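Within every chain, numbering begins at 1; the chains are lettered A, B, ... in the order of the sequence lines, protein sequences first and strands thereafter. Computed from a prediction, not measured in an experiment: that's the story for all the values here.
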2 protein chains.
Amino acid sequence: MQAFYNKYKRTLLYGISLAALLFLLRWLEFRFLVLSHAMDIYIGAIAAIFTALGIWLTLKLVKPKTNTIVVEKEVYLPQTTPAQINQAEIDNLALSKREMEVLQLMAKGLSNKEIADGLFVSLNTVKTHSSNIFEKLDVKRRTQAVEKSKRLGIIV
Amino acid sequence: MQAFYNKYKRTLLYGISLAALLFLLRWLEFRFLVLSHAMDIYIGAIAAIFTALGIWLTLKLVKPKTNTIVVEKEVYLPQTTPAQINQAEIDNLALSKREMEVLQLMAKGLSNKEIADGLFVSLNTVKTHSSNIFEKLDVKRRTQAVEKSKRLGIIV
DNA sequence: CTTAAAATCATACTAAAGTATGAGTGTGCA
DNA sequence: TGCACACTCATACTTTAGTATGATTTTAAG
C-alpha cells in the first residue's frame with residue numbers, strides 16, 4: 001500500500017490537483033456568469049489560472065538538462081619519455097654541482113633547514129647556495145628559481 | 001540604436017508577443033461568442049492559450065535546471081604531455097575560485113605582495129588565501145603547494 | 001528572507017627566507 | 001707552489017612568509 005502510494009505519488013497528486021482546478025473553474029463559472037455575468041473578469045481569472053498551471057506544469061515536469069563532464073583521470077606511464085635535462089643550460093648558467101642539488105630539493109618544496117639536514121650542512125650554507133643560485137638564475141625568490149629552472153629544463 | 005535594440009530585445013519581443021496574443025483573443029471572442037456562441041469552446045481555447053503562455057514564459061525565463069554528471073575517464077599520458085587541469089581534484093580539495101587564482105600566481109613565482117597588487121586586494125587577504133590553500137593542500141609552504149598542485153594537475 | 005560559504009581586511013605575532021660581509025678549507029691545475 | 005674556485009660556516013641584519021584571531025561584506029543557495 002505504502003509502496004503503491006510512493007510509486008504513483010506524482011500521478012495521484014496531479015490528478016487531485018486537476019480535480020480541484022475543475023471545481024474551482026465550476027465555482028468561478030457559477031459565481032461570475034450565473035450570478036453577476038462578469039464575463040471579462042471570468043476570462044481574466046481563467047487566463048490567470050491556466051497561465052499558473054502552465055508555469056507549474058513546466059517547473060514540475062521539465063527534465064533538468066544534464067551536463068556531462070568527462071574528467072580525464074591521469075594515469076602516468078612511468079619512464080616512457082625520460083625527461084631530458086638541459087646540461088647545456090646548466091653549463092651556461094655556471095651552476096655548480098652543489099647548487100644543483102640545493103635547487104633540486106628546493107623544487108621539491110623543502111625548506112632551507114630541511115635541505116641543510118638532507119645535505120648534512122648548516123642552514124647558513126644552504127642560504128649562501130640559495131643566494132648564489134638566485135643571482136645566477138637572475139631571480140629574486142626560490143619560487144621563481146624553481147619556476148625558471150623547470151621552464152629551462154635544468155631540473156625535472 | 002543598435003545598442004538600444006539589444007538591451008531591450010527581450011522586452012520588445014515579449015511586448016509584441018503579448019500584443020499578438022490579445023489580437024488572437026479578440027478574434028476568438030468575436031468568432032465564438034458573436035457568431036456561434038460556443039462558450040465552452042471559447043473557454044477551452046483561452047485555457048489552452050494561457051497554459052501555453054505559462055509554459056512558454058517559464059521555459060524562456062527560468063534558469064534551466066542542470067544536473068551535472070561527472071564521468072571519469074582514464075587517460076594514459078606521458079609526463080611530457082602538458083597535463084590538462086584536473087577539475088575533479090580541485091573540487092575534491094574544495095579550492096575556491098580565488099584560491100585557485102592565488103595558487104596560479106604563486107606557481108609563477110610571485111611574492112604575496114605582487115599577487116596582492118595583481119588581484120587588487122590587500123597583502124593580508126593574499127596571506128589569508130595562502131594559509132587556506134596550504135591547509136586544504138595539507139602542506140606547510142608555498143613551494144610545497146606549488147609542487148603538489150602541479151603533481152596533482154590542478155594547475156598548469 | 002535567511003543561512004552558509006566565500007572574500008575581504010586588520011592587527012599582532014612567529015618563522016623562514018634572503019642579503020651582506022667576511023673567512024676558513026680543500027681541490028684541481030697551470 | 002700558488003691561485004682560482006667550490007664549498008663550508010658565522011654573524012648580523014632586513015624582508016617576506018606564514019599563523020592566529022576576529023570582523024565585515026558579498027554572494028549563492030535553500
Side-chain angles (χ1 to χ4, degrees), chain A residues 56 59-60 62 64-65 67 87 90-149 154, chain B residues 58 61-68 87 90-149 154:
Chain A
W56 178 73
L59 287 178
K60 281 289 172 186
V62 163
K65 265 199 277 183
N67 287 342
Q87 187 61 46
I90 295 175
D91 296 343
N92 185 35
L93 294 169
L95 285 165
S96 75
K97 188 178 157 190
R98 208 55 162 168
E99 285 164 355
M100 282 302 298
E101 289 178 312
V102 172
L103 190 52
Q104 288 280 0
L105 297 178
M106 242 182 217
K108 282 189 179 177
L110 301 193
S111 68
N112 284 339
K113 182 75 178 66
E114 289 166 340
I115 294 173
D117 292 344
L119 298 180
F120 303 105
V121 295
S122 83
L123 175 60
N124 289 311
T125 302
V126 176
K127 284 187 176 184
T128 304
H129 285 313
S130 298
S131 283
N132 293 334
I133 292 170
F134 301 153
E135 196 170 350
K136 289 180 180 178
L137 282 174
D138 190 29
V139 296
K140 291 197 190 303
R141 283 176 292 280
R142 56 175 48 257
T143 44
Q144 282 185 346
V146 171
E147 192 276 334
K148 185 162 188 176
S149 57
I154 65 179
Chain B
T58 312
L61 297 179
V62 170
K63 291 175 190 169
K65 278 190 279 186
T66 55
N67 278 350
T68 303
Q87 186 62 46
I90 295 174
D91 295 344
N92 185 34
L93 293 169
L95 285 165
S96 76
K97 189 176 157 193
R98 207 56 162 169
E99 286 164 355
M100 282 303 298
E101 290 178 312
V102 172
L103 190 52
Q104 288 280 2
L105 298 177
M106 240 181 220
K108 282 189 179 176
L110 302 194
S111 69
N112 285 338
K113 183 75 178 69
E114 289 167 340
I115 294 173
D117 291 345
L119 296 180
F120 303 105
V121 296
S122 81
L123 175 60
N124 288 311
T125 303
V126 176
K127 285 186 175 185
T128 303
H129 284 314
S130 298
S131 284
N132 293 334
I133 291 170
F134 301 155
E135 196 171 348
K136 288 180 181 178
L137 283 174
D138 191 28
V139 298
K140 293 199 189 305
R141 283 175 292 280
R142 52 174 53 253
T143 45
Q144 283 185 345
V146 171
E147 191 276 334
K148 185 164 188 175
S149 56
I154 66 180

Practice prompt. Step by step, work out the side-chain contact (heavy atoms from CB on, under 4.5 Å) result for Leu119(B) and Leu105(B).
Written response: CA-CA 10 Å; Leu119(B) 296 180; Leu105(B) 298 177; 4.0 Å; yes

Worksheet entry | Of residues 109-117 of chain A, the positions that come close to DNA chain D - non-hydrogen atoms, cut-off under 4.0 Å | none

Protein-nucleotide distance ([X], atom [atom1]; [N], atom [atom2]), rounded to Å:
X         : N       : atom1 : atom2 : answer
Lys97(A)  : dT8(D)  : NZ    : C1'   : 15 Å
Gln144(B) : dA17(D) : CD    : P     : 16 Å
Lys140(B) : dG18(D) : NZ    : P     : 12 Å
Ile133(A) : dC7(D)  : CD1   : P     : 10 Å
Leu95(B)  : dA5(C)  : CG    : P     : 16 Å
Phe134(B) : dA20(D) : CZ    : P     : 13 Å
Asp138(B) : dG18(D) : CG    : C1'   : 16 Å
Lys127(A) : dC13(D) : NZ    : C1'   : 10 Å

Worksheet item: With respect to Arg142(B), which candidate in Ile133(B), Asn112(B), Val102(B) satisfies the side chain to side chain contact (heavy atoms under 4.5 Å, CB included) definition?
Response: Asn112(B)

When you compare the side chain of [Y] with that of [X], does any pair of heavy atoms fall below 4.5 Å?
X         : Y         : value
His129(B) : Val121(B) : no
Ile90(B)  : Gln87(B)  : yes
Ile154(B) : Leu93(B)  : yes
Thr143(B) : Met106(A) : no
Glu101(A) : Gln104(A) : no

Discussion item. Set out, in order, the CA-CA distance, both residues' side-chain angles and the distance that settles side-chain contact (heavy atoms from CB on, under 4.5 Å) for Glu114(B) and Arg141(A), then state yes or no.
Written reply: CA-CA 12 Å; Glu114(B) 289 167 340; Arg141(A) 283 176 292 280; 2.7 Å; yes

Worksheet entry | Bend angle of the helix from dC1(C)-dG30(D) to dA30(C)-dT1(D), end axes from five pairs each (to 10°) | 50°

Practice prompt. At under 4.0 Å between heavy atoms, which parts of nucleotides 25-30 of chain C does protein reach? Answer with one letter per nucleotide, 5' to 3': B base, S sugar-phosphate only, - none.
Written response: ------

Worksheet item: Any idea which heavy atoms bring Val146(B) and Ala107(B) closest together, and the distance?
Response: CG2-CA, 3.6 Å

Worksheet item: Who passes side-chain hydrogen bond (donor to acceptor under 3.5 Å, both in side chains) against Lys113(A), sequence neighbours left out?
Response: Asp117(A)

Worksheet item: Is a side-chain N or O of Lys148(B) found less than 3.5 angstrom from the main chain of Val139(B), in a donor-acceptor match?
Response: no

Practice prompt. Could you tell me the separation between the OG atom of Ser149(A) and the CD atom of Glu99(A), rounded to the nearest 0.5 Å?
Written response: 12.5 Å

Discussion item. For Asp138(B), is the CG atom crowded, meaning more than 12 foreign heavy atoms sit under 6.0 Å from it?
Written reply: no

Worksheet item: Counting only heavy atoms not in Lys108(A), do more than 12 fall under 6.0 Å of its NZ?
Response: no

Response to the item:
On DNA chain C, more 5' by nearest nucleotide between Ser96(B) and Thr143(B) is Ser96(B)

Could you list all N or O pairs between the protein and nucleotides 25-30 of chain D that sit under 3.5 Å apart?
none

Mind listing the N/O atom pairs, protein and nucleotides 8-10 of chain C, below 3.5 Å?
residue : atom : partner   : partner atom : Å
dT8(C)  : OP1  : Arg98(B)  : NE           : 3.0
dT8(C)  : OP1  : Arg98(B)  : NH2          : 2.9
dT8(C)  : OP2  : Arg98(B)  : NE           : 3.2
dT8(C)  : OP2  : His129(B) : NE2          : 2.8
dC9(C)  : OP2  : Ser122(B) : N            : 2.8
dC9(C)  : OP2  : Thr125(B) : OG1          : 3.1
dC9(C)  : N4   : Thr128(B) : OG1          : 3.4

Worksheet item: Is the distance from OP1 or OP2 of dG18(C) to the nearest side-chain N or O of Arg142(A) less than 4.0 Å?
Response: yes

Discussion item. Can you tell me if Ser131(A) touches the phosphate of dT19(C), counting only side-chain N or O atoms and a distance under 4.0 Å to OP1 or OP2?
Written reply: yes

